[in-house]
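Step one of this worksheet: look at the structure below.
Keep in mind that what you see is a predicted model, and the values were worked out from it rather than measured. First the proteins, then the strands, lettered A, B, ... as listed; each starts at 1.
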Amino acid sequence: MTTSTEAQETAEAAPRDLHEYLSALVREAARNYLAREQIDYPVEELPIDLGFSAQASFGDYSVPLMSWAAKNRLGRPPLVIAEALADYLRSLNLPTLQEVTATRPGYLNFRLNRPLVSRDIMVRVLEAGPDFGQSETGVGTKVVVEHTNINSNKAAHVGHLRNSCLGDTLVRMLRTQGYQVEAQNYIDDTGVQVADVVVGFTLLKEGRLHLPEGDEPLPGEPFDYYCSRVYVAVGKAYDEQPELLERRRAVLRAIEHGSEAEAGRPEEGADYAALAADLSQRIVQAHLKTMSRLNISYDLLTWESAILHSGLWKKTFEVLKNRGLLRRPESGKLAGCWILPFGEGESQDEESEHTLDKVLVKSDGTATYTAKDIAYQLWKFGLTDDPAFDVHFTFVPWGRQHDGRLLWTMRTPGLQGEASKEGDPLRFGHAQRVINVIDVRQSYAQQVVYESLRRLGYEEQANNSTHLAYEIVTLSAATAASLGVDTSDGREFYPMSGRKGIEIKADDLINAAIARMKEVKPDLPDETAAILGASAIRYFMIRFSLQQVIALDMEEVLRPTGDTGVYLQYAYARANSILRRLQESGYEVPERLEELPPALEQSEWDLLRHIDAYPRRLAEATSHLAPNLLAAYAYDLAAHFSDFYEHTPPIVKEEDQRIKAFRAWLVRTTAQVMNNALRTLGFIPLERV
RNA sequence: GGGGCCGUAGCUCAGUGGAUAGAGCAGCGACCUCCUAAGUCGCGUGUCGGAGGUUCGAUUCCUCUCGGCCCCA
């Protein structure tokens with residue numbers, strides 16, 4: 001009976017989780033069945049779709065075998081197959097299997113020896129500790145994740161938070177799988193939005209622009225908030241005085257060309273460039289501070305200005321031209337532009353209103369965002385080490401972040417005098433994989449970037465480029481109305497508009513969340529309220545699927561009950577509270593669980609098999625790049641724990657030592673997994689609320 | 001014109017080629033002299049937008065279609 005021995009070995013080979021253990025058993029049973037029935041079919045190709053049983057009456061885990069019955073597979077009725085496998089597995093008399101059954105139309109069901117299996121699960125979790133859920137999948141692979149990416153001209157709003165929360169969570173998830181992750185925050189400091197605020201400052205200084213609430217910063221007003229006001233005012237001023245657009249063009253030229261610009265008026269150009277650089281530095285500092293309130297940090301700041309001034313874009317442009325990838329139409333609406341043709345081989349009808357071509361350089365010689373993105377993407381993969389580029393960046397420390405992580409930055413023209421400590425250029429970029437967290441509206445532009453890499457011959461890098469596209473954040477009707485938007489047309493959601501000042505600023509949302517937590521419990525310490533508020537916001541921002549437009553409703557984000565980040569924190573704190581009570585009562589949790597309770601409560605078992613699934617669920621969520629799946633897992637875990645808590649008597653007072661020890665272990669185990677999950681979600685786990 | 005996304009309970013949203021489709025909110029009603037009530041329990045007749053198709057099995061995959069949003073602009 002060699003097969004029996006093999007199955008025995010399978011059972012004793014310390015599987016990663018119950019899923020792996022049971023799947024191996026099913027495969028082994030299938031192998032035995034194929035041999036006995038003399039069916040020639042590769043056992044590896046029989047799908048084993050193991051899952052929790054739909055009903056407790058079926059068992060704990062079930063696997064459907066209906067698809068095995070097909071003529072081109074085993075050609076036997078599924079229930080017959082299931083019965084045969086069940087017979088075989090029963091004959092093994094494994095102590096872990098209490099009952100194996102077959103049910104119509106062809107399910108194989110397992111009922112496990114719950115106390116025994118549970119101990120294995122808890123031992124596995126507690127031995128791994130903070131590493132439970134970690135995997136080696138990504139070891140040796142460097143991933144660059146670009147996220148946040150806020151224009152450096154005004155305060156961050158809730159739309160930016162969706163980006164940064166998704167990005168930061170993804171970074172943490174990837175790190176649990178062993179990937180070496182570099183979080184890059186790319187700042188567009190050369191665009192029109194920055195120019196607009198510079199225009200605003202110069203007009204304010206000249207007395208030609210006035211802000212409704214007063215030209216000076218309001219008492220206590222943060223710099224980025226002030227800039228938001230200036231930005232809105234400038235937008236209005238353009239509408240009323242179109243001649244001001246000439247000023248914007250001058251500022252843009254100055255920013256693009258630095259202090260050398262503005263022939264004829266060099267001083268003004270230098271002023272504009274310096275103003276813009278100073279503005280960007282201060283705004284980015286404000287953004288980083290905002291993000292740190294949500295426990296979000298980065299490894300590297302990258303700048304559009306650095307890409308321009310290092311000559312990276314210029315070289316990329318040359319390479320694209322030399323490879324014959326660009327065209328410059330003589331006529332038509334794109335005359336004078338440098339374009340990347342996407343016309344499916346056919347030359348585009350120049351009269352056509354519609355074109356698939358992508359403009360990289362406008363007729364006035366300025367590069368589009370997409371153009372610079374191509375250059376940046378090449379750099380992320382280390383492709384610009386090629387002598388054809390001969391471009392080098394200097395990296396200097398920006399500062400220490402709230403979590404102790406050192407943030408580096410590309411040296412920009414506006415950031416001088418920190419050359420004392422330079423980072424090794426090879427340390428940054430050089431990724432095997434790049435994930436760009438950018439909203440869905442940029443999908444086409446991102447495809448152009450990846451296609452450009454492909455046409456340059458970097459097929460592998462193009463394939464390893466991912467646009468993590470998420471839908472935008474809008475405002476619910478109620479929330480829009482509270483901002484003064486006319487909602488009489490009865491739509492379900494209303495877009496934000498920074499230009500019109502219709503938005504919810506990130507810091508306002510965070511402040512409101514903290515205030516709400518204090519409303520619920522007035523004696524809450526400030527730090528705890530801040531962590532709870534941050535957890536509520538982070539959870540809200542990632543719990544939706546990426547494709548879902550979020551119609552943000554203030555009441556919904558701030559709600560402290562139900563399916564929220566607060567609930568997760570509360571459940572975790574509750575588990576710790578039990579452990580504290582046990583300790584205070586003088587109880588020492590035994591080192592080993594010698595004697596097990598004869599049976600488990602349903603709530604205990606549901607909690608345990610959920611705990612057992614954590615590594616698998618985390619790995620799935622990560623490979624799908626789906627933070628919402630991790631959020632859902634964590635919520636389920638918290639809910640199962642609450643269920644257990646509410647439906648079993650207090651452990652502190654438990655008389656039966658077997659049960660007391662088992663439950664103390666269970667609480668400790670749950671706390672460990674919750675802690676791991678919360679940290680991966682970017683929460684700071686609260687042991688007390 | 002081309003491309004993409006969304007449509008599931010009153011509302012906001014999960015979810016999956018498998019057995020009876022879930023959660024939160026809102027509403028009504030219970031539960032704190034027992035480890036945290038930011039909790040738990042009870043109360044739901046859902047055309048999974050519609051029509052075809054593939055399949056042993058479709059809310060899930062394919063085609064068409066209706067409504068909404070986005071991108072190429």
Would you mind classifying the nucleic acid contact of A:Asp553 as base, sugar-phosphate or nothing, using non-hydrogen atoms under 4.0 angstrom? nothing

Quick one: A:Ile339 CD1 to B:C72 P, roughly how many Å, whole number? 16 Å

Which residues satisfy the side chain to side chain donor-acceptor pair (under 3.5 Å) test with A:Gln569, sequence neighbours excluded? A:Ser535

Using OP1 and OP2 only, check whether a side-chain N or O of A:Arg574 sits under 4.0 Å from B:A37. yes

Report the C-alpha separation of A:Lys518 and A:Asp526 in whole Å, then their side-chain angles, then the decisive distance to 0.1 Å, and conclude whether the salt bridge (charged side-chain N to carboxylate O under 4.0 Å, His left out) test is met. CA-CA 8 Å; A:Lys518 289 220 165 197; A:Asp526 288 351; 2.3 Å; yes

How far does the P atom of B:G57 sit from the matching atom of B:G52, given to the nearest Å? 16 Å

With A:Arg574 as the cation and A:Tyr645 as the aromatic partner, state whether NZ or CZ is under 6.0 Å from the six-membered ring centre and within 45° of the axis. yes

Report all interatomic pairs (protein N or O, nucleotide N or O of nucleotides 4-11 of chain B) with separations under 3.5 Å.
unit_1	atom_1	unit_2	atom_2	d
B:C5	O2'	A:Gln547	O	3.1

Result for 5'-nearest mapping on RNA chain B, choosing between A:Thr103 and A:Leu579, is A:Thr103

Sequence neighbours excluded, which residues qualify as salt bridge (Lys or Arg N to Asp or Glu O under 4.0 Å) partners of A:Glu519? A:Arg516

For atom NZ of A:Lys518 and atom P of B:A38, their distance in whole Å: 17 Å

What residues form a salt bridge (Lys or Arg N to Asp or Glu O under 4.0 Å) with A:Arg658, not counting sequence neighbours? A:Asp656

RNA chain B-proximal residues of residues 620-638 of chain A, any heavy atom under 4.0 Å: A:Asn628, A:Leu629, A:Tyr635

Evaluate the side chain to side chain donor-acceptor pair (under 3.5 Å) criterion for residues A:Asn109 and A:Ser62: first the C-alpha distance (whole Å), next the side-chain angles of each, then the deciding distance (0.1 Å), finally the verdict. CA-CA 4 Å; A:Asn109 309 298; A:Ser62 298; 2.6 Å; yes

Quick test of your reading: applying side-chain hydrogen bond (donor to acceptor under 3.5 Å, both in side chains), list the pairs with at least one residue in residues 539-552 of chain A, sequence neighbours left out, ordered by first then second residue. A:Tyr539-A:Asp563

When the C1' atoms of B:G22 and B:U65 are considered, how many whole Å apart are they? 29 Å

Would you say the side chain of A:Ser53 and the base of B:A19 hold a donor-acceptor pair, judged only by whether the two atoms sit under 3.5 Å apart? no

Pairs under 3.5 angstrom, nitrogen or oxygen only, protein versus nucleotides 31-34 of chain B, please.
unit_1	atom_1	unit_2	atom_2	d
B:C34	O4'	A:Lys653	NZ	3.4

Pair A:Arg663 + A:Glu604: basic N to acidic O under 4.0 Å: yes

What contact category does A:Val689 fall into here, base, sugar-phosphate, or nothing, at under 4.0 angstrom with non-hydrogen atoms? base

Please measure how far the P atom in B:A23 lies from the corresponding atom in B:G39, and state the result in whole Å. 16 Å

Would you say A:Glu99 has more than 12 foreign heavy atoms packed within less than 6.0 Å of its CD? yes

May I have the distance from A:Ile81 (atom CD1) to B:C56 (atom C1'), rounded to whole angstrom? 12 Å

Tell me whether A:Tyr376 contacts the main-chain N or O of A:Thr370 through its side chain, where contact means a donor paired with an acceptor under 3.5 Å. no

Non-hydrogen side-chain atoms of A:Arg616 and A:Glu20 separated by less than 4.5 Å: yes

Using a 4.0 Å heavy-atom cut-off, does A:Ser535 contact any base of the nucleic acid, only the sugar-phosphate backbone, or nothing at all? nothing

Comparing A:Val359 and A:Glu646 on RNA chain B - which has the more 5′ nearest nucleotide: A:Glu646

With rounding to whole Å, what would you report as the distance between B:U59 and B:A51 at their P atoms? 11 Å

Indicate, with a heavy-atom threshold strictly under 4.0 Å, whether A:Ser545 touches base, sugar-phosphate, or nothing. sugar-phosphate

To the nearest Å, how far apart are A:Leu568 CG and B:G39 P? 11 Å

Stacked cation flag A:Arg609 on A:Phe52, 6.0 angstrom / 45 deg: yes

A:Tyr567: ring-ring contact (aromatic ring centres under 6.0 Å, His included) partners, not counting sequence neighbours: A:Tyr635

Does B:C72 have OP1 or OP2 sitting under 4.0 Å from an N or O in the side chain of A:Tyr444? no

Can you list, in residue-number order, the parts of residues 556-567 of chain A that come under 4.0 Å of RNA chain B, counting heavy atoms only? A:Arg559, A:Pro560, A:Thr561, A:Gly562, A:Asp563, A:Val566, A:Tyr567

Round to the nearest Å and state the distance from A:Met66 atom CE to B:A58 atom P. 12 Å

By a 5.5 angstrom centroid cut-off and a 30 degree plane limit, is there stacking between A:Phe58 and B:A19? yes

Would you kindly give the OH-to-P distance between A:Tyr470 and B:C70, to the nearest whole Å? 16 Å

What is the nucleic acid contact for A:Asp439, judged by heavy atoms within less than 4.0 Å: base, sugar-phosphate only, or nothing? nothing

The ring-ring contact (aromatic ring centres under 6.0 Å, His included) partners of A:Phe544 (sequence neighbours excluded) come to A:Phe540

Is there side-chain contact between A:Met674 and A:Pro685, with at least one heavy-atom pair below 4.5 Å? no

Heavy atoms under 4.0 Å, any strand shown: does A:Ile472 hit a base, just sugar-phosphate, or nothing? nothing

Measure distances between side-chain N and O atoms of A:Ser62 and base N and O atoms of B:A19, and say whether any donor-acceptor pair falls under 3.5 Å. yes

Please give, in whole Å, the distance from B:A73 P to A:Lys362 NZ? 12 Å

Please report the distance separating the P of B:C64 from the corresponding atom of B:G4, rounded so that it comes out in whole Å. 11 Å

What integer number of Å spans the P atoms of B:C66 and B:A9? 22 Å

Taking atom types as modelled and ignoring hydrogens, do the side chains of A:Arg454 and A:Asn463 form a donor-acceptor contact shorter than 3.5 angstrom? yes

What integer distance in Å separates A:Leu79:CG from B:C56:C1'? 13 Å

B:A14 to B:G7 separation - C1' atoms, rounded to the nearest Å: 15 Å

What one should report as the nearest heavy-atom pair of A:Leu326 and A:Leu360 is CD2-CD1, 3.7 Å

Can you tell me, in whole Å, how much space there is between the C1' of B:C72 and that of B:G15? 32 Å

Which of B:U12, B:C41, B:A38 is nearest the side chain of A:Leu532? It is B:A38

Holding to side chain to side chain donor-acceptor pair (under 3.5 Å), I want the full list of residues that pass it with A:Asp60, two or more places apart in sequence or in another chain. A:Arg114, A:Trp605

Base-paired stems that RNA chain B participates in, counting runs of 3 or more Watson-Crick or G-U pairs under 3.5 Å: B:1-7 with B:66-72, B:10-13 with B:22-25, B:27-31 with B:39-43, B:49-53 with B:61-65

Between A:Gln377 and A:Asp373, do the side chains contain an N or O donor and an N or O acceptor separated by less than 3.5 Å? no

